[in-house]
Amino acid sequence: MTFFTFVTRGLTRRPVRTGLTIVGIAIGIAAVVALVGISRGFESSWQTGMKSRGTDIVVSSMGRGLTPKPFSATVVERIAPLPHVAETCTLLVDLISVEKAEMMIVSARQWGGFSWKNLKITSGRLPNDDAERAVVLGKTAAEVLVKKVGDTLQLETEELNVVGIVDGGAVVEDGSFILSLPLLQGITGNQGKINIIDVRVTPGTGKEALTRLCEQITGLVPEARAVVAGEHIRESQAYRMISAMSWGTSLLAVLVGVLGVMNTMLMTIFERTQEICVLLAIGWSRGRIVRMVLWESALLGFLGGVSGVLIGVVGVKLLVTTPAIRGLLEAELNPQLLVMAVAIAVVVGVFSGIYPAWWSSRLAPSQALHG
Amino acid sequence: MPIPNGDSGWVFEACGLKKQYDDGQVQALRGVDFRIQQGEFVAIVGPSGSGKSTLLQMLGALDHPSAGTLRYRGASLQERADLASYRALEIGFIFQAFHLLPTFTALENVQIPMFETHRSVSERKHRAIELLKAVGLETRLHHFPAKLSGGERQRVAIARSLANGASVLLADEPTGNLDSENANLILDLLVGLRREQNFTLILVTHDLGIARQAARIIEMKDGRIVSDALNKEPT
């Protein structure tokens, strides 16, 4: 028998209560994993999408919405002549409900722009020109909409032909509905408007030059802001709100976990008052009693953390396959996040055990004689 | 192993020992004086509320006296910093209600005090088995307290009290929860073990029949010692 036997026996004497407490912590930790994982995944999905399009700098005006505010397409004329700018591609990107999909990325691109070039056609073809009333679908978008080459799609009031299915190399690209810029401008009544300019810089442009170019563009284009590709999503108030809500909700879930563990530990200590007094009477030091209680609560936290990570990972995997979300984002469940979640749970456990441990260490051994 | 005595040669020396509760409204001990030698078998008797259990608490360092001095082997017990170590290594406690931990087997219960020593896991287990054999429970090692009779539980408690080789055993009504047959068995066991190991046995009881087995009987009433006499013919 080791000291750890005491710790485990303390928890297994009331298996239902211990189990429910573990479930309580697990739900909190699952919320942390899911919300933070999705929030980070949202950011990384867009970063990967940018990389996949071959974009180095994004010029956009990230307001309160999830998509940038439109501005005049003529802005690009101020950017193209700048040093280090190799190519530009104007886009109008929106999140629109398309047939079965409640929300889908609709990405209209300047015809002939470099953003078309990295799309790998898996079936069909790209539109012949910017006048053709045709769309190509990312492979996930095609699955979500249940469409194949030759089918038609209803976008707002327009019926468009699906001419190709593409592999975009990123979740965001694969989940997109891609068409030529003038077509979407016409359908949505945004003639002459764009909301993103993708900028590709000349090879060999260093990090400092890239930052300087961003500052230069921002100075020339007051209606938008130039940032290194991927970082623009962090500028979005909507993203910041999502991120803050993720952490806020996680914090609440963790707080509930703290109260749950503290309640369980207090219950278990109250029940074992006599036993603890006996342990003190037969020579256990107060320090050993404190360690026993803290180890018990830490073990509760650890078990809850591991269960929570499992529930969170499985839950997120299921969530991102739901039609409402599929193709919009992928969760970023890296080992760091999972280890951090378990560590949070252990800290929650230890923190929750401090008061019960202190309480039990204050018991008088003489109480062992009573009862 | 020889037991080191302090300069005084006494295991316990109490002088003017007092204990009061509730700001002096309850006087549990009203000035108690006595000395106990190594290897003595002392019975403390008296009616309920006479202060005998309070006295046992003082001897076991489970509580502090309000006034007076209590010395253990010549050193003041009140001034001792490591009372947990005193309780773990110097004395063994036997309770009326046994107080075994219900989720631990007999073998595990006996090992509990040994956590305060430097014994390895296997040494703890080996010693616990030896002690349980000594109290006649070698066939009950893996039984939980709920599966043991009252007499068997008290025998486990006796084995537990001897786990760290205590030189003093303090027993609070050890037969109080047992029928007469088991009470006699437990008492015989304690007397036999004391004879073998020469530990000091201080036993609190209200049963004069049990007290008569001791070599010395201290009688208490209203927080005072009313008689302290050698029992010339222990039964």
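Below, chains carry the letters A, B, ... as their sequence lines are ordered, and counting in each starts from 1.
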Query raised in the report: Considering residues, nucleotides and ligands other than A:Phe302, do more than 12 of their heavy atoms fall under 6.0 Å from its CZ?
Result: no
Requested in this report: Output the option from B:Thr54, B:Val121, B:Leu101 having the highest count of non-hydrogen pairs under 4.5 Å with chain A.
Outcome: B:Leu101
Report task. For atom CZ of A:Phe351, decide whether the heavy atoms of other residues, nucleotides or ligands shown that lie under 6.0 angstrom number more than 12. Result -> no
Query raised in the report: Would you say the side chain of B:Arg124 lies within less than 4.5 Å of the side chain of A:Met1, judging by non-hydrogen atoms?
Result: no
**Report entry** Short side-chain to backbone donor-acceptor contact, B:Arg87 and A:Ile282, under 3.5 Å
**Finding:** no
Query - OG1 on A:Thr2 to CZ on B:Phe115, rounded to 0.5 Å - result: 6.5 Å
Query raised in the report: What is the minimum heavy-atom distance between B:Ala84 and A:Ser285, and which atoms define it?
Result: CB-CA, 3.8 Å
Query raised in the report: Taking every heavy-atom pair that is under 4.5 Å apart, which of B:Gly60, B:Pro102, B:Ser161 has the most such pairs with chain A?
Result: B:Pro102
Requested in this report: Could you tell me whether the side chain of A:Val278 reaches within less than 4.5 Å of the side chain of B:Leu100, counting heavy atoms only?
Outcome: no
**Report entry** Min side-chain heavy-atom separation A:Cys277-B:His99 under 4.5 Å
**Finding:** no
Query raised in the report: Which value, rounded to the nearest 0.5 Å, describes the distance between A:Ser366 atom OG and B:His64 atom NE2?
Result: 9.5 Å
Report task. Give a yes or no on whether the backbone of B:Ile112 and the side-chain of A:Trp284 come within a donor-acceptor separation of less than 3.5 Å. Result -> yes
Requested in this report: State the CD-CZ distance between A:Glu275 and B:Phe104, to the nearest 0.5 angstrom.
Outcome: 7.5 Å
Query raised in the report: Within a radius of less than 6.0 Å around NE2 of B:His206, do more than 12 heavy atoms belonging to other residues, nucleotides or ligands occur?
Result: no
Requested in this report: Check each atom of A:Arg272 against the heavy atoms of chain B and say whether the ones under 4.5 Å are side chain, backbone, both or neither.
Outcome: neither
